[in-house]
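Every chain is numbered from 1, with letters handed out A, B, ... down the list of sequences. Here the structure is a predicted model, which means the values were calculated and not measured.
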Amino acid sequence: METISLGVALALTGAALAMILAGIGSVHGVCKIGSASSALLAKEPKHFSKLLILMLLPSSQSIYALTVSFMVFVRLGLLPGADFMPINTDAGLAILFLCLPVGVIGGISASLQGSVGVNCVSMYAKQNKLFGNSILVISASEVFALFGFLISMLGVLFLNLDYSLVVPYVESAPAVEGAVACISSYITAVC
Amino acid sequence: MSKLKIVGAKDDQKAILSLLSRSGCFEVSKAQKASDDTKENSTLIETLKNKQAKLSVAIDYLAKLKEEGLNANNLIKKGKLEEEVFELEKDVKTFARLEVSYNELEEVKKSEVELIKICDSLQEISFSRNELNSSIKELKDLKAELAPFASVTMPLSSVGDTQTASVLLASNPNLSDKEIIEKMGALVEEYPVDNGALWGILCKKDDRPFVVRKLLAIGFEICTLKHEKKPQKIIDESEAEIANLEKQNYAKLREGLGYINRLTHLKALFDISELDLEHILAEANFSFCENTVTIEGWTPFNSAEAIKDKLVSEIKTVSVEIGKVEKGDEPPSLFVNSKLTEPFVAVPKGYAPPTYGELDPTAVMSIFFFIFFGIMLADAGYGLVMAIVGLAVGLFVKKFEVPMKRMILMFGICGLSGVIFGLLFGGIFGIEFISQNHYLWFNPLEEPIMMLALSIGLGIAHLLTAYTLKTIVTIREGLKGENKKNKILVIFHGLFDSLFMYTLFAGVGMFALSMIIEDSNFPFVTLFIVLLGITVLGIILTGGRRAKGIGGKIAGGLGGVYRLINVFSDVLSYARLFGLAIASGAIAMAFNQIGSLLFAFNIPIGDGWLIPLGYIIGAIILIVLHAFNFLLSALAAYVHNIRLQYVEFFGKFYDGNGRHFEPLGEKTKYVRFVER
C-alpha cells in the first residue's frame with residue numbers, strides 16, 4: 001500500500017464516523033426497547049420471540065452505515081486483492097461529507113425509533129393482536145434513515161474519484177473568483 | 001370452514017361437548033348476544049377455579065419437594081447426610097405438554113376425591129414442614145449466638161452487675177491486645193477459646209456505657225444473653241434437637257414424595273377442570289329451549305363429516321347440520337399448507353391472523369424467506385450445522401409441541417439455503433478462498449457492487465410479487481362480490497394495483513442497463529424516461545380511482561405519486577441483505593485470523609516434532625468464536641428476514657384482520673389429551 005494521503009484519511013474518517021454515529025443510535029434504540037421488553041418478559045416469557053424482533057428493529061441503521069462504510073473501503077481499494085486508490089483532499093472531503101447523512105440521520109432515527117419502540121412494546125403488551133401494526137409503526141421512522149442511506153450510498157458509489165485525481169488541487173477556488181468577478185461587474189454596471 | 005349446527009337434548013349437553021373437545025377441531029362461534037351467566041354457573045365456575053387453585057398449589061409443591069429430594073440424594077451420596085435414599089427419577093427435560101389418553105382421563109375423573117385428599121395432605125405436610133424449618137432456624141440462630149461464649153463454664157445468667165461494679169463478657173477473635181481495654185480503666189481477664197479471644201471485663205458501673213461503646217467501636221461482641229444453663233449445655237441440647245427435627249423433616253419429605261407418582265394425575269385433573277370451565281363458559285353462546293340445546297360452531301371442511309358421524313353414532317338424540325359460511329359470519333382462520341411450507345407458517349401467524357378466506361401468503365413468502373435467509377447467513381459451514389441440527393431435531397425428536405417443531409424445522413430448511421448461498425459466494429466458516437476463487441458464482445467481498453445489485457434485484461422481485469399478489473387479491477375479492485356485471489372493472493382495478501410498479505421498475509431497469517452497457521445504440525435512456533412518464537401519468541390518473549368526487553380522485557392520484565418515494569425506501573431496505581451477508585462473512589474471516597495467530601504458538605521438542613499446544617488452544621477459541629458469530633448471524637438473518645416480510649411484503653397486500661381457529665380442548669396447561 002502506498003502512503004496514505006490526507007484525502008484517504010478524510011474518507012476513512014467519514015466511514016468511521018458514519019458507523020460510529022449510526023452505531024450509537026442503534027445501541028441506544030435497541031437498549032431502550034430491550035429494557036422495555038424485559039419488563040414485559042418477566043411477566044410473560046412466551047412473547048420472547050416477538051419482542052426480540054421489535055427489539056432488533058433499530059439495528060437496521062447500523063447495517064446501512066456498515067454498508068456505506070464498506071463501500072468507502074471498496075472505493076479506496078482497501079480490500080485484499082484490490083488496487084489502492086490514493087485520492088486527493090477534495091475527494092476525501094467529499095466522501096467524508098457524503099458519509100454523514102447515513103451516520104447522522106441513521107443515528108438519530110435509530111435512537112428515536114427506540115422511543116417509539118418502547119411505546120409499541122406497551123401497545124403490544126395490551127393487545128397482542130397488534131404485533132404486525134407495531135412493527136409498521138416502528139419502521140415508519142426508518143424511511144428517513146433510508147433516504148440518508150440512499151444519498152450516502154449513491155454519492156460514495158458514483159463519485160468520480162479519477163476525475164478528482166486529474167484536476168490538480170487549486171489554491172483559490174474558481175467559484176470564489178467567479179463570484180468576485182460577478183459582483184465587481186455588477187457594481188461597475190450599477191455605477 | 002364449515003358451520004355446524006348441533007341440536008340435542010339438554011341432558012346430553014355434557015356428552016356432546018366432551019365429544020366435540022375430543023375431536024379437537026370444533027370452535028364454538030360467539031353468539032351475537034351472549035346470555036348472562038346464570039347464578040348456578042357462576043358458583044360452578046367458582047368451585048372449579050378453587051379446585052384448580054388447590055391443584056396448582058399441590059403440583060407446585062410436589063415439584064419443590066422433588067427438587068429437595070434430589071438435593072438430599074446428592075448429600076446422601078457424598079456421605080453428608082444419613083438418610084435412606086429417596087426413590088426419585090430425574091426429570092427428563094421435555095418441551096411439550098404431557099400426553100394423556102382419554103381412557104386415563106376417565107380414570108382420573110373417577111379418582112378425583114382421592115386426588116383432592118392428596119392435595120389436602122400435601123398442604124398439611126407443607127404447613128408442618130414450614131413449622132419444623134422455622135424451629136430449626138431458631139435453634140441454629142441460638143447456637144450461633146452462643147458459640148463465642150461456649151467455653152464459659154457457668155450459666156450466662158450469673159454474669160451480672162454488683163452495686164458499684166459492672167461485669168461484661170466480650171469476644172473479639174481479631175484482637176488479643178489486653179492493653180487497649182486496660183486503658184479504658186477496666187480490669188481484664190482472658191479465657192482461652194478455640195475461635196479467638198474471650199474476655200471478662202470488670203469496670204466501674206458508671207463507666208459501663210463508655211466502655212461498652214468503646215468495645216463495640218473496635219469490633220467486640222458483647223454478651224447480652226441471660227440463659228439459666230451453661231452455654232455449652234444449651235448448644236449440645238439444641239444440636240440434639242436440630243437433629244431430631246431434621247429427622248422429622250425428612251420423614252415428612254418422604255411422606256410428601258410418596259405422592260409423586262400421582263403428579264401426572266394431579267396435572268390431568270387440573271386440565272380436566274380447565275376443560276369443564278371452558279365448556280361452562282361456552283354455554284353463554286348456546287341457545288336453549290325447554291328441553292333442547294343448540295350449539296353452533298366452526299370446524300374445518302374435512303373434519304365436519306367425521307364430527308357429524310361421531311355425534312350421531314354416539315348420541316342417539318341429536319341432529320347435526322353442516323352449513324356453509326354465509327355473509328355476515330365471522331369464521332376463524334386456519335392455515336392449511338403443504339408439508340414443505342408448513343414450517344414457515346409461524347411467520348405470517350406472528351404478523352396477524354388472516355381474515356377468513358384471505359389469500360394465505362405462506363407459500364409465496366416461504367420461497368423468499370428461504371432465499372433471503374441464505375443470503376444473509378452466506379456461509380455453507382454455518383448453514384450445514386444449522387440444517388443438520390434443525391432437520392434432525394425437527395424430524396426425529398418427539399418431545400416438542402407443534403409450533404416449536406415447526407420453528408426448528410424452518411431453521412433447518414433455511415440452513416440448507418445457507419449452504420447453497422455459502423457455496424455460491426464461497427464462504428465456508430469464513431475461510432478465505434479469495435485467492436483461489438473457490439466460489440460457484442461470485443465473491444461478495446470482491447464484487448460488492450454485484451452483491452448490492454443482487455440484493456436490490458431480489459428486493460424488486462419481492463416487491464413486485466407483493467404488488468402482483470395485491471392484484472390477485474383485489475380481483476379475487478371483487479369477483480366474489482354480488483355485483484357480477486362489473487367483472488371487467490374489477491380486473492382493471494386489480495391490474496392498476498400493480499401495473500405501474502412494473503413500468504416503474506422496468507424503467508429503472510433500463511436506466512441501470514444504460515449504465516452497464518455503455519456503447520450501445522439501444523435507446524435505454526429514452527425508454528427509461530418514457531416508462532417513468534407512463535408510471536407517473538398512470539398513477540396520477542388511476543391512483544384516486546377508489547376515492548369519491550373529483551377532488552378526492554385528484555388527491556388520490558397525487559398521493560399515489562408521492563408514495564413512490566416509499567417504494568424507493570422499500571427497495572433500499574433490501575440493502576440489508578448485502579450488509580448482513582458481508583458482515584457475517586467478514587466477522588468470520590476476522591475470527592479465523594485470530595485463530596491462525598494462535599496456531600503459531602506451538603512448543604518444539606526437537607526432531608521436527610512439537611507439542612501442538614497452539615493448535616489445541618486455537619481450535620478451542622475458533623470453535624467458541626465461530627459459535628458466537630453463527631448465533632449472531634443466524635439471529636440477524638432471522639429477524640431482518642422477518643422484518644422484510646412484515647414491512648415490505650405483507651404491508652402491500654395482506655390484511656390480517658381475522659382470528660385464529662381455537663378449537664375446544666386445546667387450552668390446557670400441563671397435559672394434552674390425545675386419542676390412543
*Over 12 foreign heavy atoms within 6.0 Å of CE, M404(B)*: no

*Could you name each residue pair satisfying side chain to side chain donor-acceptor pair (under 3.5 Å) that touches residues 644-653 of chain B, not counting sequence neighbours?*
H462(B)-Q645(B), D570(B)-K652(B), S573(B)-E648(B), N641(B)-Q645(B), R643(B)-E648(B)

_When M55(A), E142(A), K50(A), M153(A) are compared by non-hydrogen pairs under 4.5 Å with chain B, the top option_ = E142(A)

*asked:* How long is the straight-line distance from CZ of F578(B) back to CG of L66(A), given to the nearest 0.5 Å?
replied: 8.0 Å

_Heavy-atom pairs under 4.5 Å with chain B - which of F149(A), F70(A), F144(A) has more of them than the others?_
F70(A)

*Check whether L580(B) gets within reach of chain A through its side chain, its backbone, both or neither, counting any heavy atom under 4.5 Å.*
both

*Test item: F147(A) and I565(B) side chains (from C-beta on) under 4.5 Å apart, heavy atoms*: yes

*Are more than 12 heavy atoms from other residues, nucleotides or ligands located less than 6.0 Å from atom CZ of F511(B)?*
no

*Would you mind checking which part of L572(B) comes under 4.5 Å of any heavy atom in chain A, side chain (CB onward), backbone (N, CA, C, O), both or neither?*
both

*Taking side chain as C-beta onward, heavy atoms only, is R576(B) less than 4.5 Å from T67(A)?*
no

*Close contacts, residues 452-459 of chain B versus chain A, judged by heavy atoms under 4.5 Å*: L452(B)

*Closest approach of S569(B) and L146(A), non-hydrogen atoms and distance?*
O-CD1, 3.2 Å

*Identify which part of L157(A) has an atom lying under 4.5 Å from any heavy atom of chain B, answering side chain, backbone, both or neither.*
side chain

*asked:* Are more than 12 heavy atoms, taken from residues, nucleotides or ligands other than F568(B), located less than 6.0 Å from that residue's CZ atom?
replied: no

_Closest contact, heavy atoms only, I63(A) versus G579(B)_ = CG2-CA, 3.9 Å

